[in-house]
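Take a look at the structure below.
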Amino acid sequence: MKTFELTGELRSEFGKKAAKALRKQELVPCNLYGCGEQITFTVNTNDVRKLIYTPDTQVVILTIGDKTYNCVVKELQFHPVKELLLHIDFLVVDENKPVVVAIPVQLNGLAEGVKAGGKLSLEMRKLKVRAIYTNLPDRVEIDVTSLGLGKKIMVADLHYEGYEIANVKEQVVCQVVATRASKGK
């Protein structure tokens, strides 16, 4: 798993008015959980662009004042119209305690159903993975070569060593759907 270094400054003022003033200065209000207390701080908007606009999941080495924390991004909040970053929640990770993180899905291979004229449909772009942060994968890789026409892979079908999928077992991850071309054969 990749790492990302970030520096934050402690916040002294709270509330909507203070958060709005911070955003005008191109700062993002943030919270850090899991370190025994909640720490509120700000980071520069330009500093977090490479962290949030990437499909990769990264461990953040966060420096606030003279303390350094290993953490992951727990939640991002965006403005509903302008798509501006409003808030970030970070979670401190521990080598002994598992964490749940959304990891991107990567489909590998050419499905048999696609060869028969079907269309491969990815229903879930990310899966929630529960593991110790050192065991978190960069991507959840799924082999679809044996997936036939009209068949699907569900969360219950996925088993990996070192981590487990925390989504609902009945959810469909990917499937091969019949197209007009495949129905005519």
Side-chain angles (χ1 to χ4, degrees), residues 1-6 8 28 30-39 41 43 48-64 67-78 85-115 118-177:
M1 178 169 262
K2 299 175 182 173
T3 59
F4 185 86
E5 292 188 15
L6 186 63
V28 180
C30 302
N31 289 339
L32 179 66
Y33 299 102
C35 56
E37 60 180 323
Q38 176 185 343
I39 299 174
F41 61 99
V43 294
V48 294
R49 284 188 202 276
K50 290 183 180 175
L51 173 66
I52 60 173
Y53 295 114
T54 180
D56 299 328
T57 305
Q58 302 175 1
V59 173
V60 180
I61 300 170
L62 180 63
T63 305
I64 303 171
K67 291 187 178 180
T68 302
Y69 304 94
N70 286 343
C71 55
V72 291
V73 174
K74 189 67 176 168
E75 185 180 356
L76 298 169
Q77 292 177 2
F78 290 94
L85 182 61
L86 297 178
H87 184 83
I88 306 174
D89 283 339
F90 291 95
L91 178 67
V92 173
V93 290
D94 185 9
E95 290 184 16
N96 304 322
K97 198 171 166 185
V99 64
V100 177
V101 178
I103 304 286
V105 173
Q106 179 178 343
L107 302 178
N108 295 330
L110 180 63
E112 290 177 9
V114 173
K115 292 177 186 175
K119 180 182 175 193
L120 182 63
S121 174
L122 177 63
E123 305 296 329
M124 300 180 72
R125 292 177 182 265
K126 290 190 174 193
L127 290 171
K128 294 179 184 173
V129 173
R130 178 181 295 121
I132 295 172
Y133 83 95
T134 55
N135 291 344
L136 287 172
D138 289 333
R139 301 199 188 312
V140 176
E141 295 188 13
I142 301 173
D143 184 29
V144 294
T145 52
S146 62
L147 198 60
L149 193 61
K151 301 296 181 189
K152 53 184 88 173
I153 295 177
M154 302 178 92
V155 172
D157 301 331
L158 302 176
H159 303 285
Y160 298 96
E161 192 165 325
Y163 61 93
E164 66 176 285
I165 308 297
N167 291 76
V168 177
K169 301 293 182 195
E170 292 81 30
Q171 285 183 310
V172 176
V173 179
C174 64
Q175 61 184 340
V176 176
V177 231

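- Annotation for Ser121 and Val177: closest pair CB-CG2, 3.9 Å, computed over non-hydrogen atoms.
- Closest of all the heavy-atom pairs between Val43 and Gly8 is CG1-CA, 4.0 Å.
- The structure places SG of Cys71 at 10.0 Å from CD1 of Ile39, a figure rounded to the nearest 0.5 Å.
- Using a 4.5 Å cut-off on side-chain heavy atoms (C-beta onward), Val176 and Leu149 make contact.
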Would you mind writing out the side-chain donor-acceptor pairs for residues 154-166 within the sub-3.5 Å range, not counting sequence neighbours?
unit_1: Asp157; atom_1: OD2; unit_2: Met154; atom_2: N; d: 3.0
unit_1: His159; atom_1: NE2; unit_2: Ala156; atom_2: O; d: 3.1
unit_1: Tyr160; atom_1: OH; unit_2: Glu141; atom_2: O; d: 2.7
unit_1: Glu164; atom_1: OE1; unit_2: Arg130; atom_2: NH1; d: 3.4

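- Note on residues 86-100: no pairs pass salt bridge (charged side-chain N to carboxylate O under 4.0 Å, His left out), not counting sequence neighbours.
- For the pair Val59/Phe4, no side-chain contact is recorded, criterion being any heavy-atom separation below 4.5 Å from C-beta on.
- For the pair Leu85/Arg49, no side-chain contact is recorded, criterion being any heavy-atom separation below 4.5 Å from C-beta on.
- Leu86 CG to Leu76 CG: the interatomic distance, rounded to the nearest 0.5 Å, is 10.5 Å.
- A distance of 10.0 Å separates CD1 of Ile142 from CG of Leu147, quoted to the nearest 0.5 Å.
- Looking at residues two or more places apart in sequence or on another chain, you find a salt bridge (Lys or Arg N to Asp or Glu O under 4.0 Å) between Arg139 and Asp56.
- Leu6 has its side chain within reach of Leu62: a pair of non-hydrogen atoms, C-beta onward, lies under 4.5 Å apart.
- By the side-chain hydrogen bond (donor to acceptor under 3.5 Å, both in side chains) test, Gln58 pairs with no residue at all, sequence neighbours left out.
- Evaluation of the salt bridge (charged side-chain N to carboxylate O under 4.0 Å, His left out) test over residues 142-155, restricted to residues two or more places apart or in two chains, returns none.
- Between Ile153 atom CD1 and Gln175 atom CD the span is 10.5 Å, to the nearest 0.5 Å.
- For the residue pair Thr3 and Glu5, no side-chain donor N or O sits within less than 3.5 Å of a side-chain acceptor on the partner.
- Taking every heavy atom of both residues into account, Lys128 and Asn167 meet most closely at N-OD1, 2.7 Å.
- In this structure, the side chains of Leu136 and Val93 stay at 4.5 Å or more apart for every pair of heavy atoms.
- In Lys2, the NZ atom is not crowded: 12 or fewer heavy atoms of neighbouring residues, nucleotides or ligands sit closer than 6.0 Å.
- Within a 6.0 Å radius of NZ in Lys126, more than 12 heavy atoms belonging to other residues, nucleotides or ligands are found.
- To the nearest 0.5 angstrom, Phe41 atom CZ is 10.5 Å from Thr63 atom OG1.
- Considering SG of Cys174 and CG of Leu107, their distance stands at 5.0 Å, rounded to 0.5 Å.
- Legend: side-chain hydrogen bond (donor to acceptor under 3.5 Å, both in side chains) pairs involving residues 67-78, not counting sequence neighbours, sorted by first then second residue: Asn70-Tyr133.
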